[in-house]
Amino acid sequence: MSGKGSAYGTPATDTSFRRTYDLDEYAEKARVREGAEREEAKARYEAKLAGKKYYKPLTGDEAQTRARRDVLDLEANVGKTMLVPAGAGQGKRGRGAGFYCAACDLTFKDNIQWVEHINSMQHLRNIGETGEVAKASADDVRRRIDEVWEALQEQKRAATTTLKERLEIRGEEEAKEKEARRVKRLEDLARKRADKEEKEKVKVEYGDDVRIEGEHDEDDMMAAMGITGFGTSKKK
């Protein structure tokens, strides 16, 4: 049974295609991780005894904290449906429904807690910042003022047109209004001309005795039947 080969021509008991692991390497990684966890637990315990809050120790690669450049969009998920794991609604740890922080793996249910968290030292340490703001020099302040002033001037230039452009826009509006008045005047003249021609046509057909609508309908019917009038027995 064991002597039979597989479909690929190799012995059925050959498992060399499977991935192999270096047990010593992974054992060393586990030892280092457990040692770091013990050190962190000890530091947390000591901070608790001292009445302080534990923060992740600095490694020297962190950058100083600076002002936030992006605007917080707290209404991005309003009216949306979120799919979350079945056990994600227990506590803040893990991803759940609400404001999720990927750096800290925490979920917050309201925007006040979310804003407080992203300004906290815990979050700043996890995103690689020291929590200390660099002291700005006079040159930095002047450069920042120049940048803000230039941005404001650019917005004004984009929103405000020049005098020449305003005159051109006003000229175009006046031309449109003039054309609209001309079209209306032509329509009024055409309507008056049509009314006058209709009146002249009525005068040509009936002479000076201009008909009033419905007044001569009976006479027209008698004329169509060949009746010129009714005689009378009254002697003159």
Side-chain angles (χ1 to χ4, degrees), residues 18-156 158:
R18 294 180 180 176
R19 182 179 177 181
T20 57
Y21 296 91
D22 189 348
L23 299 181
D24 296 335
E25 177 184 358
Y26 282 93
E28 179 64 20
K29 289 182 179 181
R31 187 184 63 80
V32 172
R33 184 183 69 252
E34 291 174 357
E37 291 176 353
R38 282 194 298 269
E39 292 293 333
E40 180 179 348
K42 181 180 179 181
R44 288 180 180 274
Y45 179 72
E46 292 176 352
K48 184 177 181 180
L49 290 179
K52 299 180 180 180
K53 191 171 183 178
Y54 171 80
Y55 297 112
K56 184 179 179 180
L58 298 176
T59 60
D61 298 332
E62 293 81 7
Q64 289 183 324
T65 302
R66 60 180 183 177
R68 188 181 298 109
R69 298 294 180 138
D70 300 330
V71 178
L72 294 178
D73 189 3
L74 301 177
E75 299 179 356
N77 295 327
V78 174
K80 295 183 179 180
T81 302
M82 300 178 63
L83 297 178
V84 296
Q90 301 176 0
K92 295 181 179 180
R93 181 64 60 183
R95 189 181 187 92
F99 299 95
Y100 176 69
C101 176
C104 305
D105 192 28
L106 297 174
T107 301
F108 301 90
K109 302 301 181 182
D110 59 83
N111 55 354
I112 297 178
Q113 292 183 0
W114 168 247
V115 174
E116 290 178 351
H117 169 72
I118 60 179
N119 292 329
S120 65
M121 186 65 68
Q122 175 189 4
H123 178 75
L124 295 176
R125 292 287 178 87
N126 287 334
I127 63 176
E129 295 184 3
T130 60
E132 299 178 356
V133 181
K135 185 177 180 181
S137 62
D139 295 335
D140 296 335
V141 174
R142 293 192 189 96
R143 183 168 55 254
R144 181 58 179 166
I145 292 175
D146 293 339
E147 291 177 358
V148 174
W149 177 255
E150 184 62 27
L152 292 176
Q153 295 301 318
E154 185 65 26
Q155 293 178 359
K156 290 182 179 180

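Note: hydrogens, waters and symmetry copies are ignored here, and every other heavy atom, side chains too, is used. Quick caveat, the model's predicted, so the values are computed rather than measured.
- The side-chain heavy atoms of Tyr100 and Asp105, taken from C-beta on, include a pair separated by under 4.5 Å.
- Taking CD of Gln113 as the reference point, atom NZ of Lys109 lies at 10.0 Å (rounded to 0.5 Å).
- In terms of the side-chain contact (heavy atoms from CB on, under 4.5 Å) criterion, residue partners of Asp24 (sequence neighbours excluded) are, by chain and number, Asp22.
- The two residues Ile118 and His123 make their nearest non-hydrogen contact at O-CD2, 3.4 Å.
- For Lys29 and Tyr26, the positive end sits near the middle of the six-membered ring, less than 6.0 Å away and at most 45° from its axis.
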Cut-off 3.5 Å, no hydrogens considered: what does the side-chain donor-acceptor table look like for residues 136-147, sequence neighbours left out?
residue: Ser137; atom: OG; partner: Asp140; partner atom: N; Å: 3.4
residue: Ser137; atom: OG; partner: Asp140; partner atom: OD2; Å: 3.1
residue: Asp139; atom: OD1; partner: Arg142; partner atom: NH1; Å: 3.2
residue: Asp140; atom: OD1; partner: Arg143; partner atom: NH2; Å: 2.4
residue: Asp140; atom: OD2; partner: Ser137; partner atom: N; Å: 3.3
residue: Arg144; atom: NH1; partner: Glu147; partner atom: OE1; Å: 3.3

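- Other residues, nucleotides and ligands contribute more than 12 heavy atoms inside 6.0 Å of the CG atom of Leu49.
- Smallest separation of non-hydrogen atoms from Cys104 and Asn126: SG-ND2, 3.0 Å.
- Not counting sequence neighbours, Lys135 has no partner by the salt bridge (charged side-chain N to carboxylate O under 4.0 Å, His left out) test.
- In this structure, Glu34 has no salt bridge (charged side-chain N to carboxylate O under 4.0 Å, His left out) partners at least two apart in sequence or on a different chain.
- Partners of Glu28 under the side-chain hydrogen bond (donor to acceptor under 3.5 Å, both in side chains) rule, at least two apart in sequence or in another chain, are Arg31.
- Put simply, the side chain of Phe99 does not reach to within 4.5 Å of the side chain of Thr107, judged on heavy atoms.
- Residues satisfying the ring-ring contact (aromatic ring centres under 6.0 Å, His included) test with Phe108, not counting sequence neighbours, are His117.
- Partners of Glu40 according to the side-chain hydrogen bond (donor to acceptor under 3.5 Å, both in side chains) rule, which considers only residues two or more places apart in sequence or in another chain, are Arg44.
- Applying the side-chain hydrogen bond (donor to acceptor under 3.5 Å, both in side chains) rule to Glu116 yields no partners; only residues at least two apart in sequence or on another chain are considered.
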